[in-house]
Amino acid sequence: MTEASCRRVAVTGVGLVNPFGGDTQDFFARLMRGESAVNLYHHPASPSPLAQPAVSCPYFDAEVVLGRPLAAVTDRYSQLGVAAAFTAWDDAGLPRQGGGSDEFGVSWGTGVGGTLTFEKGYTDFYVHNKDRAHPLSVVLAMNNAAASHVAISLGLGSACLSYSVACASSAVAIGEAMRRIQAGESQLVVAGGSEAPLSFSVMRAWESMRVVAQGNAETAYRACRPFQAGRTGLVLGEGGAALILEDWDHAVARGARIYCELAGYGQSCDHTHLVKPDAYGQTRAMKLALREAGLDPAEVGYVNAHGTATREGDPTEIEALRQIFGAHAASLLVSATKSMHGHLLGATGAMEALITVLALARGEVPPTAHLEEVAADCQGVHHVMGTGLHDVPLRAALSNSFAFGGSNAVLAFKAVA
Amino acid sequence: MDTLELLREFIKRRVTNPPEEVNPESRLEDIGVDSLTLLDLMFDMEDKFGVRMPDDLPRPETVAELIEIFEKLKPASND
């Protein structure tokens, strides 16, 4: 594919399910104030008591957002996804009826897909001794369900794909959607991710890895402390987020509001260890994203870090940033917003891409919440602490996603000139 | 609640743009009960009536056919 045949990609809509309960603007404003959506989550139906700092969406009412018929045939992960997609679609100024096209597609990310449906099914079999499954089990649980429901609901006939790359799933979904638009295969793609991982088994499984932060009812809100000296790990979250990616000319022709340009997508695989991240792999992905976007590192004003607050992950990412940005690293604004919205696993890439888009478009940079003392091994960049920064002129920003398994995905966004 | 009432209630709950009238003559496809929805409906009714619909029964096409299947399967004391 030559440069001449590469089409530019605009971000024309953003949408998410806000764990605080309001709309997208409300979500971003709260992040800017350093507000945390993390609470002590009590699992409602666990065989033994389970309470873990986590982010849930208690205000999300699937029947209200999707209507009863669609809510009845969808796992929560699909419900969160369709809700986010609808919000992004509306934000892009597209009509729900008659707005679809065979030139428009879906590109979706999820890590654990219909895990809640699986868990309910296993409980029915092994605990309640039922000998038959609900007839909709397959279509509720399948990992492409969310994407398919988005396509059906909005009438989208171009490729409808789902990506499963652990913590990088929806960053990859966004990047791959970019590739399809660049190649002229789709004119518009609803690109995002959704995750409803708060099943008993998934929560216990993460707990067993000893990377989940601890907290009680009073301290849970600040359990996830990326880059902090003495940080104790990540917190899980459920949610959904989506971008509307559109061929630039198509967006201009219909008078769409363009937030920014998705200009670069870099991928790599560490190929060193299943969970221990590798700075070299991360630098390769960032270099590729910057190169494609035609950006000198010094032109990047903000990086939304992967920053899960694990002991090993945070310093590796900072080391990678120091290598890429060199002398510019000290003035590079960095924040890890998982401190406030949690780790949505497969949906995290999309959530953070959305935050990065809004940061770039508004010139506002959210903080890393609960960061008071930067750990010695995480120094060397300009950590945004406390509350967010306003009136920050930004030309470009990166969003990093570094997954278990070693897959790295970096998205480079450029401000509208 | 008899079978027809249960069916009407299920359709109101599960079908987008439910039809005005659900009568024994109505074709299931026409009232929004496609193959997937039919499976869900049968599962619901099996639970409510405590019966199991055998796999080898022909798929009902009308409301009347569906009602007939469940009326035959229901234990006599439930009538």
Side-chain angles (χ1 to χ4, degrees), chain A residues 61-76 78-79 82-83 85-86 89 95-100 114 116-118 120-125 127-156 160, chain B residues 1 3-22 26-63 65-70 72-75 78:
Chain A
D61 187 330
E63 289 194 354
V64 166
V65 178
L66 308 180
R68 279 181 99 178
L70 184 53
V73 297
T74 41
D75 179 279
R76 189 169 173 83
S78 293
Q79 294 167 353
V82 172
F86 279 174
W89 185 263
R96 294 271 192 103
Q97 301 299 324
L116 289 171
T117 296
F118 279 114
K120 178 163 187 324
Y122 293 139
T123 307
D124 280 349
F125 287 136
V127 177
H128 303 310
N129 292 315
K130 290 197 175 167
D131 65 350
R132 27 173 227 149
H134 191 284
L136 299 184
S137 300
V138 169
V139 295
L140 255 74
M142 62 189 189
N143 288 334
N144 60 326
S148 293
H149 281 294
V150 170
I152 293 169
S153 297
L154 297 173
L156 311 176
C160 177
Chain B
M1 206 189 254
T3 314
L4 184 59
E5 271 313 299
L6 270 166
L7 175 60
R8 285 190 174 126
E9 186 230 18
F10 177 91
I11 285 169
K12 261 189 16 205
R13 225 185 329 125
R14 279 274 275 107
V15 171
T16 318
N17 301 322
E20 291 281 326
E21 288 191 20
V22 174
S26 311
R27 294 189 61 78
L28 292 169
E29 284 274 359
D30 294 341
I31 57 171
V33 181
D34 63 16
S35 58
L36 206 53
T37 313
L38 181 60
L39 287 173
D40 199 359
L41 170 61
M42 280 161 33
F43 191 80
D44 233 28
M45 291 196 155
E46 285 174 330
D47 263 356
K48 288 221 164 68
F49 295 126
V51 300
R52 286 293 286 271
M53 183 167 154
D55 288 335
D56 58 357
L57 276 185
R59 196 184 128 179
E61 300 205 357
T62 64
V63 169
E65 285 169 21
L66 180 66
I67 291 173
E68 194 189 330
I69 289 170
F70 279 96
K72 285 213 184 98
L73 290 171
K74 266 157 70 174
N78 274 4

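We name chains A, B, ... by the order of the sequence lines, and we start the count at 1 in each one.
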Q | Set of residues satisfying salt bridge (Lys or Arg N to Asp or Glu O under 4.0 Å) with respect to Asp124(A), sequence neighbours excluded | A |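 Result, salt bridge (Lys or Arg N to Asp or Glu O under 4.0 Å) vs Asp124(A): Lys120(A).
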Which pairs would a plain distance check flag for residues 132-143 of chain A, meaning a side-chain donor or acceptor within less than 3.5 Å of a matching protein atom at least two apart in sequence or in another chain?
residue	atom	partner	partner atom	Å
Arg132(A)	NH1	Glu46(B)	OE1	2.2
Arg132(A)	NH2	Asp47(B)	OD1	3.3
His134(A)	ND1	Leu136(A)	N	3.0
His134(A)	NE2	Asp40(B)	OD1	3.1
Ser137(A)	OG	His134(A)	N	3.4
Ser137(A)	OG	His134(A)	O	2.5

Solution key, residues 51-61 of chain B side-chain donor-acceptor pairs under 3.5 Å, sequence neighbours excluded:
residue	atom	partner	partner atom	Å
Arg59(B)	NH2	Glu29(B)	OE2	3.3
Glu61(B)	OE1	Arg27(B)	NH2	2.9

Q) Which residues in residues 12-22 of chain B have a heavy atom less than 4.5 Å from any heavy atom of chain A? A)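 Interface residues of residues 12-22 of chain B: Arg13(B), Arg14(B), Val15(B), Thr16(B).
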Q) Given the options Ala71(A), Ala72(A), Pro69(A), which has more heavy-atom pairs under 4.5 Å with chain B than any of the others? A)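 Between Ala71(A), Ala72(A), Pro69(A), the count favours Pro69(A).
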Q: Could you have a look at Asp44(B), Leu39(B), Thr37(B) and say which one has the most heavy-atom pairs with chain A under 4.5 angstrom?
A: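 Going by pairs under 4.5 Å, I would pick Leu39(B).
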